[in-house]
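Heads up, the thing below is written out as structure tokens.
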Amino acid sequence: MPTSTAPGKVYLFGEHAVVYGEPAIPCAVERRATVSVEERADDRVVVEAADLTLDGFTVTFDGSTADADPELDVPTRLVQSATGYVEEAVAQARAAAEAPEAGFELTIESEIPLGAGLGSSAAVAVAAIDAATRALGVTLSREEIAEYAYQTERAVQDGGASRADTFCSAMGGAVRVEGSETQRLDTPPLPFVVGFDGGAGDTGKLVAGVSALQERHGFAADTVQAIGDVVRSGERLLADASPEAEPSPDLLKGLGELMDFDHGLLSALGVSARSLDAMVWAARDAGAHGAKLTGAGGGGCIVALDPTGETARALRYAPDCVDAFRAELATEGVVRT
Ligand code: MEV
């Protein structure tokens, strides 16, 4: 049975602004979604989600309606959101393999919390598309998987999606995305620490909120452009650094300052949350070089830069934090097992 895994990600810089054509630098991290797929004799799709770091659930898609297990004890909004991505990933896999009637049994396991800014939906979409197309005898390139996974997010997020999460998950490593231009970056191993508040944000709604804000206020559009400027400054710092060597204190200081700035701009766009701000301050107080929310925001995760153990330790004691861990760069994107 084809099984594929794909990593989650943190944003060094540039979430939200990337939806409007500014550059972004997401980095894949070693927390993975694993999807196994078996073809069915009929055209139904049965999804078993053993662990999406919330309690498991089973859903069956028949046409376009997902019926969730009535015993379900995860928030309905999150399950609907997760199943929306899986359903669309299946549609993309059917299209890629030119098998519109294909039915599947999918088993999903994930170490990435749902909707928390670590790219759970992109990782599930990437792994599901790769495993489902292989179950139909078609092997896609990583670039093709990234494109079909992007189409998945675009459909589910009502057009408000960039290629950043899906390209990063498919390719692995640090990547740069600006509109349809995508490339892998050689960066030194950055000492990411993640803090998780146990919550989640609704990506579609948060993206729509930023869009509405820009329609109401010109300065919100300027804020989005300012995030692009932060990313360009960060790129210059990374371009001067040797990818082989440990990052210098000056590089970490420079990147950290830009992360702090980025968080301020994202807050101005209304996508932070009290718990995210509290974790960002706990990280800074612990001596992190910089800290910001990661992903769509609204709740979920922050990312900080700290080569020492101090930030993770402080976050573990912070009242708003339920989990803190070091996030290693995942140099491999989608992996076939
Ligand atoms: C979500 O992880 C990142 C956003 O920029 C949306 C996207 O790029 O698709 C908020």
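Note that ligands are numbered from 1 as they come in the structure, with each ligand's atoms numbered from 1 the same way. On a predicted model such as this, the values are computed, not experimentally measured, just so you know. Side chains are part of it too, since the values below use all heavy atoms of this structure and drop only hydrogens, waters and symmetry mates.
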Inset, instruction - Answer yes or no: are there more than 12 heavy-atom neighbours, outside Phe261 itself, under 6.0 Å from its atom CZ? - result: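 No - once you tally the heavy atoms of other residues, nucleotides and ligands closer than 6.0 Å, there are 12 at most.
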Inset, instruction - Count the heavy atoms belonging to other residues, nucleotides or ligands that lie under 6.0 Å from CG of Asp186, then report whether that count exceeds 12. - result: no
Legend entry - Protein contact to atom 1 (C) of ligand 1 [nearest heavy atom, distance to 0.1 Å]: Asp165 OD2, 3.6 Å
Legend entry - Minimum-distance protein heavy atom relative to atom 3 (C) of ligand 1: Tyr11 OH, 3.6 Å
Inset, instruction - I would like to know whether Arg232 and Glu235 meet salt bridge (charged side-chain N to carboxylate O under 4.0 Å, His left out); could you show each step before the answer? - result: CA-CA 5 Å; Arg232 283 179 278 273; Glu235 275 182 78; over 6 Å; no
Legend entry - Hydrophobic cluster membership, Tyr148 vs Val37, 4.5 Å side-chain cutoff: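 Shared cluster, no.
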Inset, instruction - Check the hydrophobic clustering (I, L, V, M, F, W, Y; side-chain heavy atoms under 4.5 Å; chains of links allowed) and say if Leu329 and Met171 are grouped together. - result: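 No: no chain of side-chain contacts under 4.5 Å links Leu329 to Met171.
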Inset, instruction - Heavy-atom distances under 4.0 Å are what count here, so tell me which part of Val19 touches ligand 1: side chain, backbone, both or neither. - result: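 It is the side chain that gets close, since no backbone atom is under 4.0 Å.
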Inset, instruction - Quick one: look at Lys9 and ligand 1, take heavy-atom pairs under 4.0 Å, and tell me if it's side chain, backbone, both or neither. - result: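 Contact part for Lys9 vs ligand 1: side chain (C-beta onward).
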Which of the ligand 1 atoms, numbered from 1, are nearer than 4.0 Å to a heavy atom of [X]:
X: Gly295; result: 2 (O)
X: Val18; result: 5 (O), 8 (O)
X: Glu15; result: 5 (O)
X: Gln157; result: 9 (O)
X: Ala161; result: 9 (O)

Legend entry - Close approach of Arg163 to ligand 1, heavy atoms, under 4.0 angstrom: no
Inset, instruction - Measure the distances from the heavy atoms of Ala296 to every atom of ligand 1 and state whether one is below 4.0 angstrom. - result: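 The answer is yes: ligand 1 sits under 4.0 Å from a heavy atom of Ala296.
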Legend entry - Sidechain-backbone polar pair: Lys9 side chain, Ala164 backbone, donor-acceptor under 3.5 Å: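 Judged by distance alone, no pair lies under 3.5 Å.
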Heteroatom distance test ([X], ligand 1): nitrogen or oxygen, under 3.5 angstrom:
X: Glu153; result: no
X: Ser162; result: yes
X: His16; result: yes

Legend entry - Modelled atom types, side-chain donor and acceptor of His217 and Asp222, under 3.5 Å: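 Not at all, the side chains of His217 and Asp222 share no donor-acceptor pair under 3.5 Å.
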Legend entry - Steps toward salt bridge (charged side-chain N to carboxylate O under 4.0 Å, His left out) verdict (Glu332, Arg142): CA-CA 11 Å; Glu332 287 271 11; Arg142 283 186 167 162; 2.9 Å; yes
Legend entry - Sole residue of Val194, Ile302, Leu315, Asp197 in side-chain contact (heavy atoms from CB on, under 4.5 Å) with Cys321: Leu315
